[in-house]
Amino acid sequence: MSTNTHETDPNAQWLTQEAYDRLQAELNHLRGPGRQEIVDKIEAAREEGDLKENGGYHAAKDEQGKAEARIQYLTQLLEKAYVGEAPAGDGTVVPGMKVTASVAGNEMTFLFGNREIAGDSGMDVYSPDSPIGQAINGAEVGDTLSYAAPNGKEIPVEIKASEPFTG
């Protein structure tokens, strides 16, 4: 974790301290007790006999694969994350902002940044790497712009508000 990684690494993700702590706790669990629970499930299912038609064994192996992928994702995210206060509320769209925009004529409010910041807030999240994210990054309230949807259609966007996400 760094407080200035974003200045030297364009792939760094901004996280709140709460999100960082929550993700670090999840990673610690997955690496320790979570991993052991899955190993125990695999061993128990293996003892049931024929592995070809053993649904419990295959489900446990699938769970293991998903857990290992999550461990890898969290490790990379937390190593490159920068943690700190939400960006200044100066009306500029940057990661960590709650944005209200008219998108193709529909008003919507979403978090601009990493989905992990939203936690269980239920808020929609758009990544800076998404087509809309690439278009709005750095825009200011009142700006009108567009982005190309996956189908090639140009989607108009007007930034109505941009304020720090507080959770």
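Here, residue 1 is the first one in the sequence, and each next residue gets the next number. Side chains included, hydrogens not; waters and symmetry mates left out as well; all remaining heavy atoms used.
- Salt-bridge annotation for Arg70 and Glu116: present, with a side-chain N of the basic residue lying under 4.0 Å from a carboxylate O of the acidic one.
- Side-chain contact between Glu26 and Leu74: present, with at least one pair of heavy atoms (C-beta onward) separated by less than 4.5 Å.
- Inter-residue side-chain proximity for Ser162 and Val141 is flagged as met; some heavy-atom pair is nearer than 4.5 Å.
- For the atom pair Gln134 CD and Leu145 CG, the distance stands at 12.5 Å (nearest 0.5 Å).
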Item to check | From CA spacing to verdict: side chain to side chain contact (heavy atoms under 4.5 Å, CB included), Asp143, Glu140 | outcome: CA-CA 6 Å; Asp143 285 355; Glu140 296 182 0; 3.9 Å; yes
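- Closest approach of Ala60 to Ile38, counting heavy atoms only: O-CG2, 3.7 Å.
- Applying the ring-ring contact (aromatic ring centres under 6.0 Å, His included) rule to Phe112 yields no partners; only residues at least two apart in sequence or on another chain are considered.
- The CD1 atom of Ile132 sits 11.5 Å away from atom OG of Ser127, with the distance rounded to the nearest 0.5 Å.
- Residues Val99 and Glu163 have side chains not in contact (no heavy-atom distance under 4.5 Å, counting atoms from C-beta outward).
- One finds a salt bridge joining Lys160 and Glu158 here, because a Lys/Arg side-chain nitrogen approaches an Asp/Glu carboxylate oxygen to under 4.0 Å.
- Ile42 places none of its side-chain heavy atoms less than 4.5 Å from the side chain of Asp40.
- Within the 4.5 Å cutoff, the side chain of Lys98 has no heavy atoms near those of the Leu111 side chain.
- The CD atom of Gln72 lies 13.0 Å from the CG atom of Leu30; values are rounded to the nearest 0.5 Å.
- Scanning all heavy atoms of the two residues, the minimum distance from Thr75 to Ile71 falls at OG1-O, 2.7 Å.
- The side-chain heavy atoms of Val93 and Asn137, taken from C-beta on, include no pair separated by under 4.5 Å.
- Annotation: salt bridge (Lys or Arg N to Asp or Glu O under 4.0 Å) contacts involving residues 100-109, sequence neighbours excluded, are absent.
- When every heavy atom of Thr92 is checked against every heavy atom of Asp90, the shortest pair comes out as N-OD1, 3.0 Å.
- Note that CE of Met108 and OH of Tyr126 are 3.0 Å apart. Values are rounded to the nearest 0.5 Å.
- Leu77 has its side chain within reach of Asn114: a pair of non-hydrogen atoms, C-beta onward, lies under 4.5 Å apart.
- Residues in residues 147-156 take part in no salt bridge (Lys or Arg N to Asp or Glu O under 4.0 Å) pair, two or more places apart or across chains.
- Electrostatic pairing of Lys41 and Glu37 does not count as a salt bridge here, judged by no charged N lying under 4.0 Å from a carboxylate O.
- Looking only at side-chain heavy atoms (C-beta outward), Val125 and Ile117 stay at 4.5 Å or farther from each other.
- Considering CG of Leu78 and OH of Tyr73, their distance stands at 9.0 Å, rounded to 0.5 Å.
- Taking 4.0 Å as the cut-off between side-chain N and carboxylate O, Lys66 and Glu63 do not count as a salt-bridged pair.
- Taken to the nearest 0.5 Å, the NE2 atom of His58 stands 10.0 Å off from the NZ atom of Lys61.
- A cation-pi contact, defined as under 6.0 Å to the ring centre and within 45° of the axis, is absent between Arg115 and Phe165.
- Smallest separation of non-hydrogen atoms from Gly56 and Ala45: C-CB, 3.8 Å.
- Nearest heavy-atom pair, Pro131 versus Ala148, reported as atom, atom and distance to 0.1 Å: CB-O, 3.7 Å.
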Next on the checklist: Run the side chain to side chain contact (heavy atoms under 4.5 Å, CB included) test on Arg35 and Glu68 for me, step by step, so that the C-alpha distance in whole Å, both residues' side-chain angles and the decisive distance to 0.1 Å come before the verdict.
Outcome noted: CA-CA 8 Å; Arg35 198 176 253 159; Glu68 293 301 322; 2.9 Å; yes
